[in-house]
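Note: hydrogens, waters and symmetry copies are ignored here, and every other heavy atom, side chains too, is used.
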Amino acid sequence: MSNVAVSRREKQLLTHYPEPVTALAMSGWGEASKNRRQSTIHSYTLQNYHSLPQDTKTLRTVQEMTSPKAMKNVIVLSVAFMFIFTAFVSLQSLQSTLHPGGVGVASLSCIYGTTVLSCLLAPWLINKLSTKWTMVISFVLFSGYFTANFYPTHWILLPCAVSLGLLAGPLWSAQATYLTTLALTYSQHMNIQEPDGIINKYMGIFCGFYRSSQIWGNLISTLVLSHNSSHAAAVTLLADDNQNFSHCGARDCPSSWSSEWPADTDEPRDGAFNNGYVSYDVIIPDSTRYLLLSIYLGCGIMGIVILVALLDRGNVGDKDVDPASNLTSCELALSTLKMFKDSKCLLLIPLVLFVGLEQGFMFGDFTKSYVNCTLGVHNIGPILICFGAVSAVSSIAIGYIAEHIKRFLFITAGATFNIGLLIVLWLWRPQPIDIPNFYVIAGCLGLCDAIWHTQTYTLFGVLFPHKQEGAFSSYRMFHATGCAIAFGYNYVLCVETKVYILSGVLALALALYSVIEMKVQLQSQYIGDIVAL
């Protein structure tokens with residue numbers, strides 16, 4: 001091909017792709033690219049070559065990023081999050097019990113509502129504080145929220161909940177940015193040209209520790225409350241041995257919750273009558289409540305100490321936003337919204353929404369309409385422990401296995417498994433004798449949760465390597481929106497309708513995800529053809 005023709009292709013490359021990628025293409029990268037042209041849809045490598053700045057500090061950090069140092073930071077970050085969310089997930093599930101007046105549930109609404117808004121401020125805040133200190137301040141606010149529960153008044157608990165929600169979005173954006181850039185730094189140190197396997201590995205380890213908080217949190221609450229003689233999950237109102245469970249499972253609807261009370265009962269009507277059972281506000285003694293809250297506060301303080309003392313600040317993953325970009329504070333604040341201009345981000349919205357919707361279904365509908373309706377609320381804790389254990393182990397396993405399996409095949413297999421699980425949830429009519437089935441389904445939900453969290457995190461980290469703050473903020477915004485929608489229609493729609501919604505959103509998400517893979521493959525082949533010249 002003539003030099004003129006090559007020059008035209010070079011101009012096209014400069015127009016459509018960043019300078020570092022072009023530099024690699026023009027510097028004898030041909031042989032590697034010829035092989036890469038034949039790669040599968042899985043390859044995102046071309047998006048990653050320009051992900052780290054080339055200044056002296058970064059190059060020194062890359063040189064020092066050995067395997068033990070990188071793994072140490074991954075473990076430290078994961079254990080710190082495990083301590084914080086061991087306390088939070090347990091406290092979240094007990095808010096209506098610890099504070100029967102409703103202030104506890106109201107505080108949770110404030111947290112989730114403000115989390116969506118806080119995602120807009122995440123890039124600006126991370127730029128000002130760095131990733132490490134954004135997480136530290138967020139952990140301090142978590143501990144403040146735990147402390148506020150000792151004095152559960154509206155004037156104390158709700159402001160603490162709002163302040164926590166305002167840092168929840170930046171917290172998750174900072175965590176994902178730190179881990180992703182840590183993986184990219186280590187990959188560059190080891191001269192690994194496809195870092196998505198390392199990102200998968202680190203995200204899997206983190207998600208494994210994070211999801212294990214479900215185990216420890218529910219175990220703590222179960223052990224402490226088991227010593228409370230007044231702790232009762234439900235009171236049987238009907239003496240009939242042939243209880244009717246036909247309204248449990250997918251057939252559970254809001255209209256079935258308004259069943260008439262037995263005429264001969266003198267029990268107070270402050271519980272939710274459902275299927276022959278009524279769940280009362282459990283009165284927990286102050287000594288038991290203070291013991292629980294003290295354990296939660298101790299977990300929060302431990303998370304802060306681990307993060308401050310052991311997490312390295314000198315990593316590239318703990319950098320400010322690249323100063324060469326010269327972004328103003330306003331531009332940083334709007335960077336999350338600007339992600340909506342990226343077609344790949346828009347195509348990923350249904351997938352992340354589905355992850356949030358399914359998480360809301362697990363904690364809002366499966367526990368209520370399947371477990372509580374059939375077995376009673378006292379069985380929710382052990383079943384959630386099963387969910388957390390499977391999710392934790394699966395996340396770590398997926399992080400290592402994903403290095404050897406193409407992501408497209410991995411997500412397709414996970415989606416097929418998830419579709420089968422939704423069909424089971426739609427057809428199954430739970431009965432009290434089906435106790436093993438509850439644990440099997442909870443374990444399957446934990447496996448699906450592990451697949452979606454590890455793979456969607458990795459997708460955002462790989463597709464948007466030098467827009468990480470805005471990318472992960474938008475991820476958390478979509479995820480929180482999915483959770484908010486799931487909890488919002490919890491008492492409005494029938495469970496069967498929610499299963500239909502999950503199925504429809506999953507189908508749409510898979511279709512749009514396939515479009516992303518095809519676009520990236522076309523771009524990969526296009527650059528490969530140019531480099532081959």
Side-chain angles (χ1 to χ4, degrees), residues 16-18 21 44 46-48 50-53 114-129 131 134 165-181 183-184 196 199 203 317 319-357 407 452-453 455-485 505 508-509 511-520 523:
H16 294 284
Y17 297 97
V21 176
Y44 298 104
L46 297 172
Q47 300 287 331
N48 289 319
H50 59 281
S51 58
L52 295 178
T114 52
T115 295
V116 177
L117 298 177
S118 70
C119 294
L120 299 175
L121 301 174
W124 173 81
L125 191 63
I126 294 173
N127 179 64
K128 298 298 181 183
L129 299 177
T131 52
T134 299
L166 289 175
L167 264 292
L171 167 68
W172 287 106
S173 180
Q175 171 269 321
T177 300
Y178 189 97
L179 270 188
T180 301
T181 314
L184 294 173
D196 46 335
I199 298 174
M203 287 296 181
K319 66 183 186 341
D320 293 341
V321 176
D322 185 7
S325 62
N326 293 322
L327 295 177
T328 65
S329 296
C330 182
E331 288 172 331
L332 286 169
L334 295 176
S335 60
T336 301
L337 292 178
K338 289 181 179 179
M339 290 298 300
F340 290 96
K341 295 181 180 180
D342 193 310
S343 60
K344 295 189 293 295
C345 184
L346 292 175
L347 291 172
L348 283 173
I349 290 178
L351 183 59
V352 183
L353 280 176
F354 171 78
V355 177
L357 288 171
R407 183 179 296 109
W452 294 126
H453 272 87
Q455 298 309 303
T456 52
Y457 259 117
T458 304
L459 262 176
F460 271 77
V462 171
L463 288 176
F464 313 106
H466 68 313
K467 294 189 290 185
Q468 292 181 38
E469 292 83 0
F472 287 120
S473 295
S474 62
Y475 174 92
R476 183 51 49 178
M477 180 185 292
F478 304 148
H479 182 271
T481 300
C483 290
I485 293 173
V505 175
L508 176 63
L512 297 182
Y513 167 73
S514 300
V515 173
I516 293 177
E517 293 282 10
M518 288 187 290
K519 288 182 64 176
V520 172
Q523 291 177 356

Please report the interatomic distance [atom1]([X]) to [atom2]([Y]), rounded to the nearest 0.5 Å.
| X | Y | atom1 | atom2 | result |
| --- | --- | --- | --- | --- |
| Thr134 | Gln175 | OG1 | CD | 12.5 Å |
| Ser343 | Ile516 | OG | CD1 | 8.0 Å |
| Phe460 | Lys344 | CZ | NZ | 11.0 Å |
| Met339 | Cys119 | CE | SG | 12.5 Å |
| Leu508 | Leu351 | CG | CG | 10.0 Å |
| Met203 | His453 | CE | NE2 | 11.5 Å |

Do [X] and [Y] make a side-chain contact, defined as non-hydrogen atoms from C-beta onward lying under 4.5 Å apart?
| X | Y | result |
| --- | --- | --- |
| Val505 | Leu357 | yes |
| Ile199 | Leu184 | yes |
| Leu348 | Leu512 | no |
| Leu167 | Leu125 | yes |

Looking at every non-hydrogen atom in both residues, tell me the closest pair between [X] and [Y] and how far apart they are.
| X | Y | value |
| --- | --- | --- |
| Leu347 | Pro350 | O-CD, 3.5 Å |
| Ala122 | Ser173 | CB-CB, 4.0 Å |
| Phe478 | Leu353 | O-CD2, 3.3 Å |
| Gly165 | Ser118 | O-OG, 3.1 Å |
| Thr115 | Ala168 | OG1-CB, 3.4 Å |

Sequence neighbours left out, what passes ring pair (Phe, Tyr, Trp, His ring centres under 6.0 Å) with Trp172? Give chain and number order.
-> Phe81, Phe85, Tyr210

Should the pair Tyr475 and His479 be assigned to parallel (<30°), tilted (30 to 60°) or perpendicular (>60°) ring geometry?
-> parallel

